[in-house]
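The block underneath contains the structure these notes are about, expressed in structure tokens.
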Amino acid sequence: MEAVIEIQHLNKAFGTHEVLKDINFSVNKGEVVCIIGSSGSGKSTLLRCVNLLEKPSGGKIIYNGENILDNKHDISAYRTKLGMVFQQFNLFNNHNVLKNCTVGQMKVLKRSRQEAEEVAMKYLKVVGMDQYVNAKPKQLSGGQKQRVAIARALSMEPDVMLFDEPTSALDPEMVGEVLKVMKELADSGLTMLIVTHEMGFAKEVSDRVVFMDKGVIAEEGSPEQIFNQPAQERTREFLKRTLN
Amino acid sequence: MSFEWVVEIISNNWPMFIRGAGVTLLISMVGTILGFIIGLLIGVIRTIPTPDRKAKRIFLKVINAILSIYIEIFRGTPMIVQAMVIYYGSALAFGVDMDRLNAAFLIVSINTGAYMSEIIRGGILSIDKGQYEAAQAIGMNHFQTMKNVVLPQAIRNILPATGNEFVINIKDTSVLNVISVSELFFQTKSIAGNNFRYFESFFVACILYFIMTFTVTRILRYIEKRLDGPENYTMYANQMQVETPEDLLRKKDNH
């Protein structure tokens with residue numbers, strides 16, 4: 001299988017506090033990888049390191065056969081290839097829904113307005129928000145905001161989509177609509193790396209599950225293996241705590 | 001005070017009052033706009049994140065140091081003193097005979113710039129970190145992020161403070177009478193010097209100042225409302241403003 005992103009010996013420390021220790025893993029094309037683990041295990045930091053919102057302290061991130069961290073790389077160009085969906089949505093408050101999805105395409109990818117709007121509409125339709133193009137973010141509910149945020153990331157037509165706990169800030173009744181959209185995306189063959197607390201969702205959509213604990217990858221495997229026959233004691237403990 | 005005197009002063013001197021008010025308004029408007037631009041540039045430069053490369057980092061540090069010296073000096077000294085130093089100083093030291101009005105523009109602009117840069121820096125810092133991260137995550141650099149995402153929000157937030165600066169400028173241009181700029185205070189002084197009716201003359205000036213500041217605050221409030229946009233949004237049913245290739249195909253099939 002062809003790896004889109006390969007992470008080798010990644011370390012991240014805040015001061016003397018080591019948050020990530022020697023992380024090795026890769027995301028293959030068309031694969032859906034879920035990262036699970038308790039709060040503070042470093043899963044969000046890992047995701048943020050992948051698109052360099054946090055600067056890793058050491059290690060390599062290989063994308064297209066090249067190490068992104070070798071200082072010669074255009075970080076902005078690399079980031080356009082990764083779509084990021086945040087826990088707090090982070091829609092641009094000064095733009096309406098349509099503009100949220102077109103501004104990156106027009107300013108970064110230099111697409112024409114017409115092309116950008118066509119692409120934006122296509123993905124807004126995918127997430128079911130095409131009727132709200134004129135709305136401002138503050139006029140939308142949490143679930144709607146997150147769906148727009150997904151459309152905004154998709155509009156850049158990235159190689160990989162990164163989701164950082166996309167449903168954690170949502171009211172319970174809105175979690176479903178976002179997960180449904182993500183499930184559809186997963187089924188369409190999009191490469192996705194998802195940090196989540198939704199165990200049922202992780203079990204259902206992922207091709208591979210990564211369990212993190214205290215800054216290291218404790219266990220990695222297929223969802224059946226992780227959820228049904230976890231090899232590690234701490235995985236078992238974590239699942240027992242979260243599933244009940 | 002006699003009301004007759006006020007009427008007489010106005011009817012005899014209204015062109016001078018109007019001209020004075022016009023100059024006051026012109027200086028404060030140019031000063032606020034140029035000061036805003038200066039503040040915007042400085043605000044953006046002062047919020048550039050520390051670069052990784054050493055040479056760049058030192059360069060940025062030097063620029064930042066120069067900018068803070070500028071801000072501290074112009075915020076820390078009275079405009080009336082700055083006016084004297086810049087106007088007479090430039091004539092004495094460099095032999096530049098500045099036009100009084102240009103000197104006024106310069107003084108008010110750099111003075112306002114020093115205040116505005118701190119106001120704008122505050123406005124930029126008040127924007128949620130998530131907005132920067134989202135912009136960076138779709139590949140925008142610092143200046144694209146500023147221009148398309150952060151500044152529009154920051155400027156909206158600091159509009160009340162900017163209005164404040166404008167009003168302060170309208171009133172504070174009166175200190176420029178020390179370098180004989182023919183603004184409203186200077187004109188009123190000349191008028192009063194002719195008729196010895198100081199109270200009545202300055203009462204007229206008072207009203208003119210108030211009309212100017214009140215109008216400006218109202219206009220800015222209106223702009224704020226306009227920038228906020230409508231409270232409600234209209235649902236958008238595909239009215240072909242954006243046609244997808246699929247739509248076009250479908251249309252072709254129907255005909």
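By convention in this document, chain letters (A, B, ...) are assigned in the order of the sequence lines, proteins followed by strands, and residues within each chain are numbered from 1.
Within a 6.0 Å sphere centred on CZ of B/R221, heavy atoms belonging to other residues, nucleotides or ligands number 12 at most. Residue A/F14 qualifies as enclosed at atom CZ: its count of foreign heavy atoms under 6.0 Å is above 12. Counting heavy-atom neighbours within 6.0 Å of A/R113 CZ, excluding the residue itself, gives a total of 12 or less.
For B/R53, the part sitting under 4.5 Å from any heavy atom of chain A is the side chain, from C-beta outward, and nothing else. A/A135 touches chain B through backbone and side chain together, each having a heavy atom under 4.5 Å away. Of the atoms belonging to A/K55, it is side-chain heavy atoms, and not backbone ones, that fall under 4.5 Å from chain B. Both the backbone and the side chain of A/N93 come within contact range of chain B, judged by heavy atoms closer than 4.5 Å. For A/F92, the parts lying under 4.5 angstrom from a heavy atom of chain B are both the backbone and the side chain. Heavy atoms closer than 4.5 Å to chain B are found in both the backbone and the side chain of A/Q139.
Here the shortest heavy-atom pairing between A/F86 and B/A137 reads CZ-CB, 4.0 Å. B/G139 and A/S76 make their closest contact through O-CB, 3.3 Å (heavy atoms, listed as atom of the first residue, atom of the second, distance). Shown here for A/L91 and B/Q131, the closest heavy-atom pair between the two residues is O-NE2, 2.7 Å.
The distance from the CG atom of A/N94 to the CG atom of B/D228 is 12.0 Å, given to the nearest 0.5 Å. Note that CD1 of B/I138 is 9.0 Å distant from CD of A/Q105, once rounded to the nearest 0.5 Å.
Although no hydrogens or angles enter the test, the distance criterion places no donor-acceptor pair under 3.5 Å between the side chain of B/E133 and the main chain of A/L53. With B/N148 contributing its side chain and A/G104 its backbone, the two residues share no donor-acceptor pair below 3.5 Å. Side-chain atoms of B/Q144 come within 3.5 Å of backbone N or O of A/K107 as a donor-acceptor pair.
For the options A/R48, A/K99, A/Q88, A/M84, heavy-atom pairs under 4.5 Å to chain B are most numerous at A/R48. With respect to chain B, the highest number of heavy-atom pairs below 4.5 Å among A/L109, A/V103, A/L82 belongs to A/V103.
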- Item | Residues A/L52, B/Q136; criterion side-chain contact (heavy atoms from CB on, under 4.5 Å); working and verdict | CA-CA 9 Å; A/L52 306 178; B/Q136 283 169 3; over 6 Å; no
